[in-house]
4 protein chains.
Amino acid sequence: MPGSGRRKPLKQQRAIETRNAIILGAAAVFSRVPYAEARLKDLASESGISEGALYFHFASKRDIAFEVVAVQQERMHGALTEVLSRGGNALDKMLSAYAALADLVASDVVVQGGIYLQNQPGTELADATNEPYLEWVRLARILVLEGVEDGSVRPDVDADGAAEFLNALFIGAQVLSNHADSWASMPVRMRSFEPLVRIALAPASS
Amino acid sequence: MPGSGRRKPLKQQRAIETRNAIILGAAAVFSRVPYAEARLKDLASESGISEGALYFHFASKRDIAFEVVAVQQERMHGALTEVLSRGGNALDKMLSAYAALADLVASDVVVQGGIYLQNQPGTELADATNEPYLEWVRLARILVLEGVEDGSVRPDVDADGAAEFLNALFIGAQVLSNHADSWASMPVRMRSFEPLVRIALAPASS
Amino acid sequence: MPGSGRRKPLKQQRAIETRNAIILGAAAVFSRVPYAEARLKDLASESGISEGALYFHFASKRDIAFEVVAVQQERMHGALTEVLSRGGNALDKMLSAYAALADLVASDVVVQGGIYLQNQPGTELADATNEPYLEWVRLARILVLEGVEDGSVRPDVDADGAAEFLNALFIGAQVLSNHADSWASMPVRMRSFEPLVRIALAPASS
Amino acid sequence: MPGSGRRKPLKQQRAIETRNAIILGAAAVFSRVPYAEARLKDLASESGISEGALYFHFASKRDIAFEVVAVQQERMHGALTEVLSRGGNALDKMLSAYAALADLVASDVVVQGGIYLQNQPGTELADATNEPYLEWVRLARILVLEGVEDGSVRPDVDADGAAEFLNALFIGAQVLSNHADSWASMPVRMRSFEPLVRIALAPASS
DNA sequence: CATGAATGAGGTTTCATTCAT
DNA sequence: GATGAATGAAACCTCATTCAT
């Protein structure tokens, strides 16, 4: 995972601010336009700095993209663990996890940029970009199994299939939301899926 | 039809073949690499023709991409109408429609190229690329309503929500399949979702 | 030795001409200005072609420089073998060899470019540039030994020292000539050294 | 000299040290790499100071290079006059002068940097760089004539030719030594030329 | 005096498109 | 109809220089 982690100490406060501004501006551009069509000129102007300054903080355009993805991962991970630490049965936790992520996606430009960057297989970026998907699937699988145990999920579901099912749903919602209105409708969309997911996974009722 | 008239058609015949070769080669490239990273040189070599010759058949790279998307639409549409013309209740039709599309996606390079091209909002291509999504949703909605009528779908489902649900699932599966193995696993994946979709949409059983 | 040897067949006559024009123009620039200060813009205009066309024929500025050096080597080698194949004793052959090389240096732009390129150790070019010097020394050594045998060189000279002596003289003359008048005076200069070299190497006379 | 006057000189003292450090560091870089490829960043780090600080002591990169050349000239001049002030006939003085310079070249980084800087005609530096060569030739000429008078040099030598001969030899040795081992072998090399030079210039023997 | 951060001009390289054969 | 060669705009990146602290 290149791009993650500080290279230099960054001695001045001003530098840190600039660095953050770059990540923010870059994410904004990357969330609107495919990586290869994102112009350095735009990253710079969106960040309010000169083009050359980018290279004081990052080694290349590629590195900037990696950093955006890294921050996105961090934030999504943060949101996730926060939600999962709350009480409730596994199914509820799962659904509120997706809801929380949907909120994050709708509101956080860096997350949007990171997501869109990941949706471009075959790019220079491919490497740093493939792993996350697998991680989500793994997590979902764990939650499904947990749900079977605590009774919130039907015992006859295929854990792997269900995990991918949830993931496909989430990713599809991202793509559709992006197409529709740049992720603004993401939370609504996910919420509208909830009842169907509940029916699909929850025990026959009671 | 005297032989004297043949000369032109014969030439056209060759042109048509070349044209198809271009579309096929282009689709192959577009299915692996984002539009902006697809090199004309690669389209040409993958099609087995020279770079300059592309411009005899198409006005620009953009046009080639459009044509790939057009053919993809055509083929998906064809597969769809073929499936939908068969008998069965709406839910069954719906599921076999998605299954058929999944097969198509897994086997047809042009369809793959078209799909991947569509997954790049914000591009030059954006215009020609946005509509199809809406159409799928519309179609799904109609089928859901049909299902409510013929009793294959629970009467209390929200047609709009269910339509988007199905669509998100399908699109998410595409993205995941592409990431995983260039769409090879698409049919399996969709089939593994079927039981969950049935439970989510079908009436409580009896 | 990258840059030496044809990459592609170069199917068209025109291409071959252009390629040669590039080498010639590039050499002209490289003979006036250090590698790192040679502007592609100048290489192009001096060759009468567009900047981009350079990249149809060569992969990089570096490669162009390598090719110039390669051609220079070739030409110097050619001139050398031509001279050495003539009759005469070893000392005479040696001196007329240096004279012939001096003429070549004064008249051939590609040779000038190659020479100046080689005089920049520590550059990107370093690799392809170091070997030739050693080769000259080796050749001079052989001739000195030959001279000892045929009696045209004093038997008590140190072959290694004499070889480097001759080489230093030749290289120093190049540097001075370049400084003075872009190599124009090279032949005169070398000729003015001849008597001294004869005295230094020839037997005490009689 | 009251203590109250010392404050400024003290500051200057520090400045002088920094200035010297810069020249030393710069020379080290300039001796390895052509002017245009020498990075200010490297000059700075090699000098142990910050990039910005360079501009407190010098107006530009070009100025630093000039200063390196100036110091080099100074030191070579110093070594020369020291040697020439000793006794002996002209030929001996000449040879020990070159020997002394060779020692200096091998041991003094600033001299190395200066020499390498001068070997780049066509640069921004060209102006300040051309003169020295002429001066060496002039000096050598004078010594040759002196030698003719004191009998240490054959009376029939062409003073101009001999002067350039000696110079070419010295410069060629520099180039070869630099290529071979960054000037380390310079003294050995020059010494190995001595016998040949003696034979070339000294009277027929006796 | 010194430092790290920022600027901006300009360099090399890429690549869709056009041209001559 | 087709090819290889050429163009030129624009992209990414470098780096001497300047600025704020």
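Convention: sequence-line order gives letters A, B, ...; per-chain numbering from 1. Side-chain atoms are counted along with the backbone in the values below, which use heavy atoms only and exclude waters and symmetry mates.
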### Task
Indicate whether OP1 or OP2 belonging to E:dT14 is found under 4.0 Å from a side-chain N or O atom of C:Y55.
no
### Message
Requiring both pairing distances under 3.5 angstrom, list the stems that contain DNA chain E and are made of three or more consecutive Watson-Crick or G-U pairs.
### Response
E:2-21 with F:2-21
### Task
Round to the nearest Å and state the distance from D:L40 atom CG to F:dT18 atom P.
11 Å
### Message
Just the rounded figure in Å: distance from C1' of F:dT17 to NE2 of D:H57.
### Response
16 Å
### Query
CD of A:E51 versus P of E:dA9: gap in Å, rounded?
11 Å
### Message
Using a 4.0 Å heavy-atom cut-off, does C:A44 contact any base of the nucleic acid, only the sugar-phosphate backbone, or nothing at all?
### Response
nothing
For nucleotides 19-21 of chain F, tabulate all protein N/O to nucleotide N/O atom pairs closer than 3.5 Å, reporting atom names and distance.
none

### Message
Could you tell me how far apart A:L54 (CG) and E:dG8 (P) are, to the nearest whole angstrom?
### Response
13 Å
Distance-only donor-acceptor pairs under 3.5 Å for side chains of residues 36-43 of chain A, two or more places apart:
{"unit_1": "A:R39", "atom_1": "NH1", "unit_2": "A:A36", "atom_2": "O", "d": "3.2"}

### Task
Answer yes or no: does a side-chain N or O of B:T18 lie under 4.0 Å from OP1 or OP2 of F:dA2?
yes
### Query
B:K61 NZ to E:dA16 P: how many Å, rounded?
5 Å
## Note on the structure
Atom CZ of B:R62 and atom C1' of E:dC15 are separated, to the nearest Å, by 18 Å
### Task
For A:A53 and for D:F56, locate the closest nucleotide of DNA chain E by heavy-atom distance; then report the residue assigned to the nucleotide nearer the 5' terminus.
D:F56
